[in-house]
There are 2 protein chains.
Amino acid sequence: MQQYFVNSKAPQDGLVTITDKDTAKHMFSVMRLAEGDEVVLVFDDAIKRLAKVINRDDQTFQIVADLPDNVELPVYVTIAVGFPKGDKLEFLAQKATELGASQFMAFPADWSVVKWDSKKLAKKQEKLEKIALGAAEQSKRNRVPNWQLFDQKAAFLKQVTDFDHVLVAYEEAAKEGEQSHLAASISQFQAGDKVLFVFGPEGGLSPNEIDQLTSAGAITVGLGPRILRAETAPLYALSAVSFAMELNQKGN
Amino acid sequence: MQQYFVNSKAPQDGLVTITDKDTAKHMFSVMRLAEGDEVVLVFDDAIKRLAKVINRDDQTFQIVADLPDNVELPVYVTIAVGFPKGDKLEFLAQKATELGASQFMAFPADWSVVKWDSKKLAKKQEKLEKIALGAAEQSKRNRVPNWQLFDQKAAFLKQVTDFDHVLVAYEEAAKEGEQSHLAASISQFQAGDKVLFVFGPEGGLSPNEIDQLTSAGAITVGLGPRILRAETAPLYALSAVSFAMELNQKGN
């Protein structure tokens, strides 16, 4: 069933009028919803609710039932990346949303090639949020991840202390028969923890950036022996968190 | 250091002349290798070898040393997908190669929208192999995954019995505190096993296809509670295999 996010509180009287133009257009022009048709609406409280069209002209729904399903990862994962080239942030906005990211950050890293001014960043943020919204609807998420684009790296680094776990993707020498840093870290995650993964741009993070992050409490984690592109590494990290916490419960 | 695959046996006398035009062009025109410069060459035996340019005009290298690193997954993972729309196979050729796939198959599934004739398939296969080659070089793989595009589903289904484990991505009701089918399957994998993951096109596999596959010994596995796109699901599966077998050895 089609799912839409409604950027407001759930109404106490169960009546909802869709005011967002894009959402209303998709509902009534693209999907051609008629009176009596049902969709899933998700409000700020992340609860999915079954809702029925009661008036097509007014774009009004009546909430019919709360739905129990919650597909969010047990931990809040923020994906932070040094500004990469091209449309890699757009790629991440879609794929990492499907894989359960709860927040995105991007910042000008030492080895970022692109330079984006604040006007460009504002435009980019709007585009990224739209992509994340679409991906969250398609993958039936309970929450839409938000984006924060920093024009100064220092402002990003200030955020690091807000997290329970900070993991920096970095090559790590694997030792035979030993748990990797990533596996050891994930095994320490508790439901509800705030986790930050930091990734470099194409050239990686600079040694100075690694120092700054590890001084702030981050640990470096390897993501297997193959060299992953900047935009592929976050997908590995999210899949690993999901596999370890959602599928392999007996193993942990 | 730059890595290139050489589609031949390693020479007994340690002398290699590059005959593939694209490879030679990249080496000597793009990278402007000079005599004495070193690269990594990988032959059919999947061993990486350090090699030095000895004659730029003849495009000849001298092998200097065998390198010990092997970054292949401990199991051979084949990713099979129902023909998807657009350029999703191209996307997979790049990303799933980075993540360690050893082979790709694609076939016309019941719910595939696209119809590709054998001429189109031959062209597509060539393109996909080129992308996989580039991704294998970039991610420093020891092997280049190959592609098999089937114009008949029956021909694909005949391959299924060649594998030690066949896993079909399909929604699975998760039960509290229990290992998922995916985690349970991976915990049975032995080094060197041949594993096949089968994914549907955008609309998924049909119930009939699921029956055919499970009758042939496949088991259905869920990939977490979120709905993943056709091209994202294989990345999750490969990441999970890597995480479980390469990083979480103590946990298994």
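Chain letters run A, B, ... following the sequence lines, proteins first and then strands; every chain starts at 1.
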State whether a side-chain donor-acceptor pair under 3.5 Å links Gln125(B) with Glu129(B).
yes

Over all heavy atoms of both residues, which pair between Thr78(A) and Phe163(A) is shortest? Give the atoms and the distance, please.
OG1-CE2, 3.3 Å

If I measure from the heavy atoms of chain B, does Leu73(A) come under 4.5 Å with its side chain, its backbone, both, or neither?
both

Most contacts with chain A, counted as non-hydrogen pairs under 4.5 angstrom, among Glu72(B), Gln94(B), Arg226(B):
Arg226(B)

Does any backbone or side-chain atom of Arg141(B) lie under 4.5 Å from a heavy atom of chain A? Answer side chain, backbone, both or neither.
side chain

Counting neighbours of NZ on Lys140(B) that are heavy atoms of other residues, nucleotides or ligands and sit closer than 6.0 Å, is the number greater than 12?
yes

For Leu238(B), does its backbone N or O pair with a side-chain atom of Ser242(B) as donor and acceptor, under 3.5 Å?
no

